[in-house]
Student: 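One structure follows; several queries about it will come next.
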Number of protein chains: 2
Amino acid sequence: MTFTPAEVLRDRGIAATAQRLAVLRAVANSPHITAEGVVAFAQADIGAISRQAVYDALGVLVNKGLIRRIQPVGSPALYEDRVADNHHHVICRICGVVADVDCAVGSTPCLRAADDMGYEIDEAEVAYWGRCPTCQAEGRTTTVLDTPSSRRQNQRRTRPEELHPTHTAKPEEISRAI
Amino acid sequence: MTFTPAEVLRDRGIAATAQRLAVLRAVANSPHITAEGVVAFAQADIGAISRQAVYDALGVLVNKGLIRRIQPVGSPALYEDRVADNHHHVICRICGVVADVDCAVGSTPCLRAADDMGYEIDEAEVAYWGRCPTCQAEGRTTTVLDTPSSRRQNQRRTRPEELHPTHTAKPEEISRAI
DNA sequence: CGTCGAATCTTGACTGAGTCAAGATTTTGA
DNA sequence: TCAAAATCTTGACTCAGTCAAGATTCGACG
Ligand SMILES: [Mn+2]
Ligand SMILES: [Mn+2]
Ligand SMILES: [Zn+2]
Ligand SMILES: [Zn+2]
(Lines give C-alpha, C1' and ligand atoms only; values in the text may rest on other atoms or scores of the structure.)
(Ligands and ions follow the chains in the order given, each with its own letter.)
Protein backbone atom coordinates (compact mmCIF):
# COMPACT_ATOMS: atom_id res chain seq x y z
CA MET A 1 0.00 0.00 0.00
CA THR A 2 1.40 3.34 -1.07
CA PHE A 3 0.28 6.56 0.57
CA THR A 4 -0.83 9.82 -0.93
CA PRO A 5 1.02 12.90 0.28
CA ALA A 6 -2.13 13.92 2.14
CA GLU A 7 -2.19 10.61 3.95
CA VAL A 8 1.44 10.95 4.86
CA LEU A 9 0.73 14.32 6.44
CA ARG A 10 -2.25 13.07 8.45
CA ASP A 11 -0.20 10.07 9.49
CA ARG A 12 2.27 12.48 11.06
CA GLY A 13 -0.54 14.19 12.85
CA ILE A 14 -0.73 17.39 10.83
CA ALA A 15 -3.49 18.68 8.62
CA ALA A 16 -3.23 18.04 4.90
CA THR A 17 -3.68 21.54 3.59
CA ALA A 18 -3.34 22.64 -0.02
CA GLN A 19 -0.46 24.87 1.02
CA ARG A 20 1.52 22.08 2.66
CA LEU A 21 1.00 19.79 -0.28
CA ALA A 22 2.21 22.48 -2.65
CA VAL A 23 5.28 23.10 -0.50
CA LEU A 24 5.98 19.38 -0.51
CA ARG A 25 5.74 19.29 -4.31
CA ALA A 26 8.04 22.28 -4.64
CA VAL A 27 10.71 20.66 -2.51
CA ALA A 28 10.33 17.31 -4.28
CA ASN A 29 10.61 19.05 -7.62
CA SER A 30 13.82 20.99 -6.89
CA PRO A 31 16.27 19.69 -4.33
CA HIS A 32 18.12 22.40 -2.36
CA ILE A 33 15.46 25.00 -3.06
CA THR A 34 15.21 28.20 -1.02
CA ALA A 35 12.11 29.33 0.84
CA GLU A 36 11.66 32.07 -1.77
CA GLY A 37 11.92 29.43 -4.47
CA VAL A 38 9.21 27.46 -2.76
CA VAL A 39 7.03 30.57 -2.62
CA ALA A 40 7.42 31.08 -6.37
CA PHE A 41 6.85 27.44 -7.23
CA ALA A 42 3.84 27.07 -4.97
CA GLN A 43 2.25 30.27 -6.19
CA ALA A 44 2.50 29.01 -9.74
CA ASP A 45 1.22 25.65 -8.55
CA ILE A 46 -1.88 26.54 -6.54
CA GLY A 47 -2.42 30.16 -7.53
CA ALA A 48 -1.75 31.85 -4.21
CA ILE A 49 0.07 31.22 -0.97
CA SER A 50 1.51 33.59 1.58
CA ARG A 51 5.15 33.73 2.36
CA GLN A 52 4.36 33.10 6.00
CA ALA A 53 2.44 29.94 5.14
CA VAL A 54 5.47 28.70 3.23
CA TYR A 55 7.77 29.34 6.19
CA ASP A 56 5.26 27.69 8.55
CA ALA A 57 4.86 24.67 6.30
CA LEU A 58 8.60 24.28 5.80
CA GLY A 59 9.01 24.48 9.57
CA VAL A 60 6.53 21.75 10.45
CA LEU A 61 7.66 19.52 7.59
CA VAL A 62 11.21 19.78 8.87
CA ASN A 63 10.07 19.08 12.43
CA LYS A 64 8.10 16.06 11.30
CA GLY A 65 11.08 14.74 9.39
CA LEU A 66 9.44 14.91 5.97
CA ILE A 67 11.99 17.34 4.59
CA ARG A 68 15.42 18.50 5.59
CA ARG A 69 16.76 22.01 6.02
CA ILE A 70 20.39 22.81 5.35
CA GLN A 71 21.88 26.18 6.09
CA PRO A 72 25.10 26.83 4.23
CA VAL A 73 27.07 29.86 5.32
CA GLY A 74 26.24 32.89 3.23
CA SER A 75 23.13 31.38 1.74
CA PRO A 76 19.51 31.34 2.80
CA ALA A 77 18.31 27.97 4.06
CA LEU A 78 17.82 25.22 1.49
CA TYR A 79 15.25 22.43 1.61
CA GLU A 80 15.25 18.91 0.20
CA ASP A 81 13.17 15.79 0.57
CA ARG A 82 16.09 13.38 0.71
CA VAL A 83 15.72 12.50 4.36
CA ALA A 84 16.04 8.73 4.47
CA ASP A 85 19.83 8.56 4.25
CA ASN A 86 22.90 10.12 5.73
CA HIS A 87 24.32 12.56 3.30
CA HIS A 88 26.26 15.77 3.34
CA HIS A 89 26.76 18.68 1.02
CA VAL A 90 29.58 20.08 -0.99
CA ILE A 91 29.41 23.78 -1.72
CA CYS A 92 31.27 25.62 -4.46
CA ARG A 93 33.31 28.49 -3.07
CA ILE A 94 33.11 30.26 -6.41
CA CYS A 95 29.47 30.12 -7.40
CA GLY A 96 27.77 28.67 -4.33
CA VAL A 97 26.15 25.68 -6.07
CA VAL A 98 25.37 22.79 -3.72
CA ALA A 99 25.58 19.05 -4.42
CA ASP A 100 24.89 15.95 -2.34
CA VAL A 101 27.73 13.74 -1.21
CA ASP A 102 27.84 10.59 0.81
CA CYS A 103 30.56 10.39 3.40
CA ALA A 104 33.45 8.03 2.86
CA VAL A 105 33.92 6.87 6.40
CA GLY A 106 31.26 4.30 7.16
CA SER A 107 27.78 5.23 8.16
CA THR A 108 28.54 7.51 11.08
CA PRO A 109 31.76 9.24 10.17
CA CYS A 110 33.25 11.83 12.40
CA LEU A 111 30.60 11.15 14.99
CA ARG A 112 33.12 11.19 17.74
CA ALA A 113 35.12 14.18 18.78
CA ALA A 114 38.51 13.62 20.36
CA ASP A 115 37.15 14.99 23.61
CA ASP A 116 33.43 15.50 23.85
CA MET A 117 33.82 18.28 26.41
CA GLY A 118 31.11 16.65 28.48
CA TYR A 119 28.52 17.17 25.79
CA GLU A 120 26.12 14.40 24.78
CA ILE A 121 26.90 14.51 21.07
CA ASP A 122 24.21 13.11 18.80
CA GLU A 123 25.17 14.43 15.40
CA ALA A 124 28.12 15.51 13.31
CA GLU A 125 27.21 17.74 10.44
CA VAL A 126 29.74 18.01 7.64
CA ALA A 127 30.02 20.67 4.98
CA TYR A 128 32.57 20.15 2.23
CA TRP A 129 34.00 23.18 0.47
CA GLY A 130 35.52 23.20 -2.97
CA ARG A 131 35.21 24.23 -6.60
CA CYS A 132 32.46 22.80 -8.75
CA PRO A 133 33.09 21.19 -12.17
CA THR A 134 31.60 24.16 -13.99
CA CYS A 135 33.79 26.70 -12.23
CA GLN A 136 36.82 24.48 -12.91
CA ALA A 137 35.93 24.28 -16.59
CA GLU A 138 35.47 28.03 -16.85
CA GLY A 139 38.76 28.51 -15.05
CA ARG A 140 37.12 30.69 -12.43
CA THR A 141 39.31 31.19 -9.39
CA THR A 142 37.70 34.17 -7.69
CA THR A 143 34.63 33.97 -5.62
CA VAL A 144 31.45 35.53 -6.85
CA LEU A 145 30.10 35.13 -3.34
CA ASP A 146 32.06 37.91 -1.69
CA THR A 147 30.34 41.15 -1.09
CA PRO A 148 31.64 44.22 -2.91
CA SER A 149 33.14 45.59 0.30
CA SER A 150 35.03 42.42 1.07
CA ARG A 151 36.18 42.32 -2.53
CA ARG A 152 37.53 45.84 -2.06
CA GLN A 153 39.55 44.69 0.94
CA ASN A 154 40.81 41.71 -0.86
CA GLN A 155 42.43 42.69 -4.11
CA ARG A 156 44.85 39.80 -4.43
CA ARG A 157 43.65 36.53 -5.90
CA THR A 158 42.24 34.74 -2.91
CA ARG A 159 43.31 31.16 -2.62
CA PRO A 160 40.47 29.26 -0.98
CA GLU A 161 42.61 27.63 1.65
CA GLU A 162 43.37 31.07 2.98
CA LEU A 163 39.71 31.69 3.63
CA HIS A 164 38.87 28.47 5.44
CA PRO A 165 41.98 27.28 7.28
CA THR A 166 40.35 24.42 9.17
CA HIS A 167 41.01 20.99 7.84
CA THR A 168 42.75 22.38 4.86
CA ALA A 169 44.87 19.73 3.26
CA LYS A 170 47.02 19.23 0.20
CA PRO A 171 45.75 16.67 -2.31
CA GLU A 172 48.18 14.00 -1.16
CA GLU A 173 47.02 14.50 2.42
CA ILE A 174 43.48 14.03 1.27
CA SER A 175 44.46 10.73 -0.30
CA ARG A 176 46.01 9.62 2.94
CA ALA A 177 43.07 10.67 5.07
CA ILE A 178 40.89 7.87 6.35
CA MET B 1 61.76 37.73 18.86
CA THR B 2 58.12 38.19 19.76
CA PHE B 3 55.97 40.63 17.85
CA THR B 4 53.58 43.27 19.00
CA PRO B 5 50.06 43.04 17.58
CA ALA B 6 50.77 46.16 15.55
CA GLU B 7 53.81 44.50 14.03
CA VAL B 8 51.81 41.42 13.19
CA LEU B 9 49.26 43.53 11.34
CA ARG B 10 51.90 45.41 9.35
CA ASP B 11 53.61 42.15 8.60
CA ARG B 12 50.42 40.98 6.94
CA GLY B 13 50.33 44.14 4.91
CA ILE B 14 47.52 45.96 6.65
CA ALA B 15 47.60 49.15 8.66
CA ALA B 16 47.84 48.88 12.43
CA THR B 17 44.91 51.04 13.42
CA ALA B 18 43.59 51.52 16.91
CA GLN B 19 40.30 49.96 15.82
CA ARG B 20 41.89 46.79 14.48
CA LEU B 21 44.01 46.37 17.57
CA ALA B 22 40.94 46.75 19.77
CA VAL B 23 39.04 44.18 17.70
CA LEU B 24 41.97 41.82 18.04
CA ARG B 25 41.98 42.28 21.81
CA ALA B 26 38.23 41.69 21.99
CA VAL B 27 38.51 38.42 20.10
CA ALA B 28 41.54 37.31 22.11
CA ASN B 29 39.71 38.13 25.32
CA SER B 30 36.53 36.18 24.57
CA PRO B 31 36.64 33.22 22.21
CA HIS B 32 33.49 32.72 20.13
CA ILE B 33 32.42 36.33 20.49
CA THR B 34 29.83 37.91 18.21
CA ALA B 35 30.39 41.04 16.14
CA GLU B 36 28.08 42.92 18.50
CA GLY B 37 30.13 41.62 21.40
CA VAL B 38 33.24 42.96 19.75
CA VAL B 39 31.54 46.33 19.29
CA ALA B 40 30.72 46.49 23.00
CA PHE B 41 34.17 45.35 24.11
CA ALA B 42 36.02 47.65 21.76
CA GLN B 43 33.89 50.65 22.66
CA ALA B 44 34.71 50.08 26.32
CA ASP B 45 38.34 49.56 25.34
CA ILE B 46 39.12 52.55 23.16
CA GLY B 47 36.14 54.79 23.85
CA ALA B 48 34.52 54.76 20.43
CA ILE B 49 34.36 52.63 17.33
CA SER B 50 31.72 52.30 14.66
CA ARG B 51 29.89 49.09 14.03
CA GLN B 52 31.00 49.21 10.41
CA ALA B 53 34.65 49.49 11.42
CA VAL B 54 34.21 46.39 13.55
CA TYR B 55 32.72 44.45 10.65
CA ASP B 56 35.46 45.71 8.33
CA ALA B 57 38.19 44.80 10.79
CA LEU B 58 36.74 41.36 11.46
CA GLY B 59 36.56 40.84 7.71
CA VAL B 60 40.18 41.67 6.98
CA LEU B 61 41.46 39.83 10.03
CA VAL B 62 39.61 36.73 8.86
CA ASN B 63 40.94 37.15 5.33
CA LYS B 64 44.48 37.53 6.62
CA GLY B 65 44.14 34.43 8.75
CA LEU B 66 44.59 36.20 12.07
CA ILE B 67 41.18 35.22 13.35
CA ARG B 68 38.57 32.67 12.40
CA ARG B 69 34.88 33.12 11.75
CA ILE B 70 32.42 30.36 12.51
CA GLN B 71 28.78 30.58 11.57
CA PRO B 72 26.59 28.19 13.52
CA VAL B 73 23.05 27.78 12.29
CA GLY B 74 20.68 30.10 14.10
CA SER B 75 23.41 32.25 15.55
CA PRO B 76 25.21 35.34 14.33
CA ALA B 77 28.80 34.71 13.29
CA LEU B 78 31.32 34.03 16.05
CA TYR B 79 35.00 34.97 16.06
CA GLU B 80 38.03 33.42 17.72
CA ASP B 81 41.78 33.74 17.51
CA ARG B 82 42.53 30.03 17.69
CA VAL B 83 43.67 29.67 14.10
CA ALA B 84 46.83 27.63 14.31
CA ASP B 85 45.21 24.24 14.70
CA ASN B 86 42.45 22.14 13.22
CA HIS B 87 39.50 22.22 15.51
CA HIS B 88 35.76 22.02 15.29
CA HIS B 89 32.84 23.13 17.40
CA VAL B 90 30.18 21.45 19.43
CA ILE B 91 26.98 23.40 19.89
CA CYS B 92 24.37 22.82 22.57
CA ARG B 93 20.95 22.29 21.07
CA ILE B 94 19.33 23.54 24.25
CA CYS B 95 21.17 26.73 25.12
CA GLY B 96 23.38 27.33 22.09
CA VAL B 97 26.69 27.49 23.94
CA VAL B 98 29.70 26.64 21.79
CA ALA B 99 32.84 24.74 22.75
CA ASP B 100 35.99 23.73 20.89
CA VAL B 101 36.64 20.11 20.05
CA ASP B 102 39.45 18.39 18.26
CA CYS B 103 38.49 15.74 15.78
CA ALA B 104 39.16 12.12 16.57
CA VAL B 105 40.11 10.90 13.15
CA GLY B 106 43.67 11.95 12.45
CA SER B 107 44.57 15.40 11.26
CA THR B 108 42.35 15.58 8.21
CA PRO B 109 39.25 13.68 9.17
CA CYS B 110 36.35 13.36 6.84
CA LEU B 111 38.27 15.20 4.20
CA ARG B 112 37.16 12.80 1.57
CA ALA B 113 33.63 12.36 0.40
CA ALA B 114 32.57 9.01 -1.03
CA ASP B 115 32.14 10.63 -4.40
CA ASP B 116 33.46 14.13 -4.82
CA MET B 117 30.92 14.91 -7.55
CA GLY B 118 33.71 16.38 -9.62
CA TYR B 119 34.39 19.09 -7.08
CA GLU B 120 37.92 19.97 -5.99
CA ILE B 121 37.31 19.61 -2.27
CA ASP B 122 39.74 21.46 -0.03
CA GLU B 123 37.98 21.49 3.31
CA ALA B 124 35.55 19.55 5.44
CA GLU B 125 33.88 21.60 8.11
CA VAL B 126 32.33 19.72 11.00
CA ALA B 127 29.72 20.91 13.47
CA TYR B 128 28.86 18.63 16.35
CA TRP B 129 25.43 18.91 17.95
CA GLY B 130 24.55 17.83 21.44
CA ARG B 131 23.65 18.85 24.97
CA CYS B 132 26.10 20.73 27.11
CA PRO B 133 27.06 19.68 30.64
CA THR B 134 25.06 22.50 32.19
CA CYS B 135 21.89 21.63 30.33
CA GLN B 136 22.36 17.99 31.29
CA ALA B 137 22.80 18.93 34.95
CA GLU B 138 19.71 21.13 34.90
CA GLY B 139 17.81 18.31 33.21
CA ARG B 140 16.78 20.59 30.37
CA THR B 141 15.47 18.70 27.37
CA THR B 142 13.69 21.37 25.37
CA THR B 143 15.42 23.88 23.25
CA VAL B 144 15.48 27.47 24.27
CA LEU B 145 16.65 28.28 20.77
CA ASP B 146 13.38 27.75 18.94
CA THR B 147 11.35 30.75 18.07
CA PRO B 148 7.97 31.16 19.72
CA SER B 149 6.20 30.24 16.50
CA SER B 150 8.16 27.03 16.04
CA ARG B 151 7.52 26.21 19.70
CA ARG B 152 3.82 26.60 19.04
CA GLN B 153 4.04 24.08 16.20
CA ASN B 154 6.06 21.77 18.28
CA GLN B 155 4.28 20.98 21.50
CA ARG B 156 5.65 17.50 22.07
CA ARG B 157 9.01 17.10 23.72
CA THR B 158 11.41 17.43 20.86
CA ARG B 159 14.04 14.78 20.83
CA PRO B 160 17.11 16.33 19.22
CA GLU B 161 17.64 13.56 16.71
CA GLU B 162 14.29 14.41 15.24
CA LEU B 163 15.47 17.89 14.44
CA HIS B 164 18.75 17.04 12.79
CA PRO B 165 18.44 13.64 11.15
CA THR B 166 21.82 13.61 9.48
CA HIS B 167 24.40 11.38 11.08
CA THR B 168 22.17 10.68 13.98
CA ALA B 169 23.40 7.69 15.91
CA LYS B 170 22.61 5.83 19.07
CA PRO B 171 25.32 5.90 21.72
CA GLU B 172 26.56 2.40 20.89
CA GLU B 173 26.90 3.41 17.26
CA ILE B 174 28.92 6.37 18.36
CA SER B 175 31.25 4.07 20.25
CA ARG B 176 31.69 1.97 17.17
CA ALA B 177 32.32 4.89 14.89
CA ILE B 178 35.88 5.38 13.76
C1' DC C 1 59.98 65.77 10.59
C1' DG C 2 56.17 67.13 6.86
C1' DT C 3 53.42 65.56 2.79
C1' DC C 4 50.35 63.05 0.05
C1' DG C 5 47.86 59.19 -1.76
C1' DA C 6 45.97 55.08 -0.34
C1' DA C 7 43.85 52.81 3.17
C1' DT C 8 40.70 53.10 6.71
C1' DC C 9 36.92 54.91 9.48
C1' DT C 10 32.32 57.27 10.37
C1' DT C 11 27.61 58.04 9.48
C1' DG C 12 23.29 56.78 8.25
C1' DA C 13 20.40 54.60 4.98
C1' DC C 14 19.29 50.22 3.39
C1' DT C 15 18.63 44.99 2.49
C1' DG C 16 17.48 39.96 2.85
C1' DA C 17 15.81 36.44 5.33
C1' DG C 18 13.01 35.42 8.50
C1' DT C 19 9.62 36.31 12.62
C1' DC C 20 5.62 38.23 15.21
C1' DA C 21 0.83 39.06 16.15
C1' DA C 22 -4.02 39.32 15.35
C1' DG C 23 -7.77 38.10 13.01
C1' DA C 24 -10.00 35.20 9.15
C1' DT C 25 -10.40 30.63 7.13
C1' DT C 26 -9.98 25.71 6.77
C1' DT C 27 -9.51 21.07 8.49
C1' DT C 28 -10.75 17.31 11.14
C1' DG C 29 -12.88 14.23 14.35
C1' DA C 30 -17.05 13.66 17.15
C1' DT D 1 -23.06 18.54 10.36
C1' DC D 2 -20.54 21.37 13.47
C1' DA D 3 -17.54 23.35 16.60
C1' DA D 4 -12.75 23.42 18.31
C1' DA D 5 -8.30 23.38 16.93
C1' DA D 6 -5.18 24.03 13.58
C1' DT D 7 -3.77 26.66 9.89
C1' DC D 8 -3.43 30.64 6.80
C1' DT D 9 -3.33 35.73 5.55
C1' DT D 10 -1.76 40.28 6.13
C1' DG D 11 1.35 43.59 7.25
C1' DA D 12 4.49 45.33 10.53
C1' DC D 13 8.77 44.33 12.45
C1' DT D 14 13.64 42.50 13.76
C1' DC D 15 18.30 41.13 13.30
C1' DA D 16 22.64 40.74 11.31
C1' DG D 17 24.93 42.58 8.11
C1' DT D 18 25.95 45.64 3.80
C1' DC D 19 26.27 49.89 0.90
C1' DA D 20 27.84 54.42 -0.30
C1' DA D 21 29.89 58.86 0.34
C1' DG D 22 32.62 61.74 2.58
C1' DA D 23 36.06 62.64 6.51
C1' DT D 24 40.13 61.00 8.86
C1' DT D 25 44.33 58.48 9.60
C1' DC D 26 48.33 55.73 8.29
C1' DG D 27 52.85 55.15 6.66
C1' DA D 28 56.24 55.33 2.78
C1' DC D 29 58.98 58.65 0.88
C1' DG D 30 61.69 62.74 0.46
MN1 LIG E 1 21.07 17.21 -0.15
MN1 LIG F 1 36.79 27.50 18.46
ZN1 LIG G 1 30.95 26.76 -8.96
ZN1 LIG H 1 23.31 23.95 26.95
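Just so it is clear: chains get the letters A, B, ... in the order the sequence lines come, proteins before strands, and each one is counted from 1.
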Student: Of all residues at least two apart in sequence or in a different chain, which pass the salt bridge (Lys or Arg N to Asp or Glu O under 4.0 Å) check with B/Arg12?
Tutor: none

Student: Near DNA chain D, counting only heavy atoms under 4.0 Å, which residues of residues 7-25 of chain A show up?
Tutor: A/Ile14, A/Ala15, A/Thr17, A/Gln19, A/Arg20

Student: Tell me which pairs pass salt bridge (charged side-chain N to carboxylate O under 4.0 Å, His left out) where either residue lies in residues 37-46 of chain A, with sequence neighbours left out.
Tutor: A/Arg25-A/Asp45

Student: Atom CG of B/Asn63 and atom C1' of C/dT8: how far apart are they, to the nearest Å?
Tutor: 15 Å

Student: Round to the nearest Å and state the distance from B/Leu58 atom CG to C/dC9 atom P.
Tutor: 11 Å

Student: Under the salt bridge (Lys or Arg N to Asp or Glu O under 4.0 Å) rule, collect the residues that match up with B/Arg131, sequence neighbours excluded.
Tutor: A/Glu120

Student: Rounded to the nearest 0.5 Å, how far apart are CD1 of A/Ile67 and CG of A/Leu78?
Tutor: 11.5 Å

Student: Take atom CD1 of B/Ile49 and atom P of D/dT25, then tell me their distance rounded to the nearest Å.
Tutor: 14 Å

Student: Output all residues satisfying side-chain contact (heavy atoms from CB on, under 4.5 Å) with A/Ala15, sequence neighbours left out; order by chain, then residue number.
Tutor: A/Thr17, A/Arg20

Student: Mind grabbing the angle between the end helix axes of the helix from C/dC1-D/dG30 to C/dA30-D/dT1? Five pairs an end, 10° rounding.
Tutor: 30°

Student: Would you tabulate the pairs of protein nitrogen or oxygen atoms and nucleotide nitrogen or oxygen atoms of nucleotides 11-17 of chain C closer than 3.5 angstrom?
Tutor:
none

Student: To the nearest Å, how far apart are A/Asp56 CG and D/dA6 C1'?
Tutor: 11 Å

Student: Run the side-chain contact (heavy atoms from CB on, under 4.5 Å) test against B/Ile49 and tell me which residues pass, sequence neighbours left out.
Tutor: B/Gln19, B/Val23, B/Ala42, B/Gln43, B/Ile46, B/Ala53, B/Val54

Student: Which residues satisfy the side-chain contact (heavy atoms from CB on, under 4.5 Å) test with B/Val8, sequence neighbours excluded?
Tutor: B/Phe3, B/Leu66

Student: Going by the rule salt bridge (Lys or Arg N to Asp or Glu O under 4.0 Å), which residues pair with B/Glu138 if we only count those two or more places apart in sequence or in a different chain?
Tutor: B/Arg140

Student: Can you run down the ring-ring contact (aromatic ring centres under 6.0 Å, His included) pairs that involve residues 13-42 of chain A, sequence neighbours left out, and say none if there aren't any?
Tutor: A/His32-A/His89

Student: Within this structure, what is the CZ-to-P distance between A/Arg69 and C/dG18, rounded to whole angstrom?
Tutor: 8 Å

Student: Kindly write out the residues that satisfy salt bridge (Lys or Arg N to Asp or Glu O under 4.0 Å) with B/Asp100, not counting sequence neighbours, or none if the list is empty.
Tutor: B/Arg82

Student: Find out whether B/Val126 and B/Val101 are in side-chain contact, i.e. whether some heavy atom of one side chain is under 4.5 Å from a heavy atom of the other.
Tutor: no

